[in-house]
Amino acid sequence: MAVSAALLCLAVLANPLQEQGQRVQPVASSAGMVVSQEALASGVGAAILRRGGNAIDAAVATAFALGVTLPQAGNLGGGGFLLFWHGPQRRAYALNFRERAPRRATAQMFLNGAGDVDRAKATRSLLSTAVPGSVAGLLAAQERFGRLSRQEVLTPAIELAERGFPVYPELAASLRQAAPQLQSDPTAKRLFFRIDSAPVTPGGRGSTGVRFYRVGEILRQPQLGATLRLISHQGAAGFYRGRLAQQLEALMAKGGGLIDRKDLAAYTAPWVEPVRGSFRGLTVLSMPPPSSGGVTLVQLLNLLEPFDLALAGLNSASTIHTMVEAMNLAYRDRNSELGDPDQMTIPVERLTSKAYAESLRPLIRSDRHTPSAQLAGLAPLPSNSTNTTHLSVADRQGSLVALTTTLNFAYGNGIAVPGAGFLLNNEMDDFTAKPGVANAYGLVQGERNAIAPGRRPLSSMAPTLVLNAEGSPWLATGSPGGSRIITTVLQVLLNRILHGLNLASAVLAPRVHSQLWPDQLSLEEGISPDTQRLLEARGHQLLRTAAMGSANSVELLPAGGSLGVADPRRPEGAAVPERP
Ligand code: GLY
């Protein structure tokens, strides 16, 4: 199945006619494009482009709007990563605004007296919250590269919070699902559920009833609006110092959390060099540690580069088998080698080198799945959050943004800051609570990702940019999905680059996932029963799963304009063009 190096470049961007004949098509724009997981927020970004904002202005405005309209994942109380291709400068930047463990965090903080991991403490208590990074990160990007003022990019989010917006079906359903958690926190309960006062009874006693928002009802978040106003007026100081910092510290002190004003004031969101790889003549830029996203994605692309997956066919048994064997090898390294580069040396160059991929490739057998237990040095897996969110933006200057943010679980730990209107992340669960012990998702992580003061937990977020063979910006993508983020991004790229699918079809195609441990191959709906039987015959244990990821993606067109695709796996998403 391997092809010679001379043929590699010819396979890139297969037949354009094949692209045109496909059943689904991306949204087209004669100018820029914003794609996010919620339609109003995408509209905010597109309006910012129309006002003369650039891709960073639009991405930041969209992200703040998602903090209002997508409370399950958009956030002020979480963190994330950003990849930016600066069109006029023709260079890439990466921003690390991952949350950090507070100063008083310890490696054993989630262990009970018997030495076992207390799952509730690790995911649902105030101890599960790491110092939030989103506000610092979004403002750092906007201050450095934005063209509009901070106030201009924050105003739409403030208006959405204060005037409210109609609850859409996905949000209504998600709030219902999260009710047990959100209603156990009195502050979150008041924010996300209707508390109706019943008329005063003849006996003189009133009563209140808590009920779910109905689809179409207006959800107003005045406290969140006031918080956003403070950030708009004061910048990052409005969040990390002063009244909000005091409110957060008071909540932590009262509820057994660790974050204090010193932790908040010390938070930084550094600019870093993107991880760089190449695939069939294209350049791939993605996020370095403390996200595993970029390293593992590049390693996977290197491992798969010589295989003729196009000839083997999209989602054929042979293609899936080859991808899965590569995934298991890459995740083995992901779990044992990666951590926070501020606190340890990470072998990024070695892991992303073609030579290293060459040395591993013989471990991929074409006829048979290699059981995970046979791969030496294994140290199983990262968490599998599905409540991150990704947005992509293109602008008229040829700039691209790929931006992924998260609270970890849906609605984070479900605890809101009193008077401030936003939810807190439970990102501390992305650390290793105890080496060798499964996390909330039945997954286990390694020593290098142990909890330590000021450390950032390992992530799987993979905001990714692709440059064409001439080095010009082409595509931006990324996804939520915890450990499945990396394999989602991989498949979008392979579908687009190798299998001749247009951007919409590349995003839509059924996905598969494997991550070494558990030793099983997850399949979305749409992989044929024949293919599944062939995979089982090669020794794969199959697991049919619900939708994986939500790869909101954009592409710049060579003659100007752009394409966008909102992943239909999250139906509330939208690709909104700056101009038709
Ligand atoms: N919280 C999920 C991740 O960062 O991978």
Side-chain angles (χ1 to χ4, degrees), residues 37 63 66 70 72-75 77-83 94-101 110 119 122-124 128-134 137 269 272 275 286-297 327 330-331 334-335 338-341 380-391 402-414 423-433 439-446 448-449 451 455-464 477-490 513 515-517 548-551 570:
Q37 207 178 307
L66 286 169
L70 191 77
Q72 56 271 52
N75 65 80
F81 299 103
L82 176 142
L83 253 285
L95 182 65
N96 169 10
F97 56 101
R98 182 68 160 162
E99 302 92 326
R100 296 177 74 180
F110 295 127
R119 300 287 346 142
T123 59
R124 297 303 190 188
S128 70
T129 302
V131 181
S134 289
V272 293
V275 163
S286 192
M287 203 63 219
S291 185
S292 60
V295 169
T296 305
L297 177 67
M327 287 172 188
Y331 274 78
R334 184 240 182 249
N335 299 321
L338 302 183
D340 185 350
L381 232 251
S383 78
N384 185 25
S385 155
T386 54
N387 291 289
T388 301
T389 186
H390 177 82
L391 67 95
L403 172 60
T404 314
T405 65
T406 188
L407 284 169
N408 198 24
F409 288 11
Y411 305 96
N413 58 13
L423 289 160
L424 292 168
N425 71 78
N426 57 354
E427 223 69 59
M428 292 294 285
D429 193 49
D430 274 350
F431 279 118
T432 306
N439 72 0
Y441 301 96
L443 303 168
V444 187
Q445 304 185 87
R448 303 200 95 196
N449 189 30
I451 302 169
R455 184 173 287 177
R456 301 181 202 247
L458 191 61
S459 170
S460 297
M461 288 185 266
T464 297
T477 190
S479 180
S483 57
R484 294 158 181 213
I485 291 172
I486 304 164
T487 52
T488 293
V489 172
L490 172 77
H513 173 75
Q515 56 186 32
L516 190 69
W517 292 107
M548 295 190 274
S550 176
R570 305 282 174 99

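Counting starts at 1 for both ligands and their atoms, in listed order.
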Return a yes/no value for Asn408: is any of its N or O atoms, backbone included, closer than 3.5 angstrom to an N or O of ligand 1? yes

Ser479 side chain to His390 side chain, donor-acceptor N/O pair below 3.5 angstrom: no

What atoms of ligand 1 come closer than 4.0 angstrom to any heavy atom of Met461? 4 (O)

Return yes if a side-chain donor-acceptor contact under 3.5 Å exists between Ser459 and Asp430, otherwise no. no

Honestly, for Arg98 the part within reach of ligand 1 (heavy atoms, under 4.0 Å) is side chain

Which residues share a side-chain hydrogen bond (donor to acceptor under 3.5 Å, both in side chains) with Ser550, sequence neighbours left out: none

Given the options Thr129, Asn408, Asn426, Asn413 meets side-chain hydrogen bond (donor to acceptor under 3.5 Å, both in side chains) only with Thr129

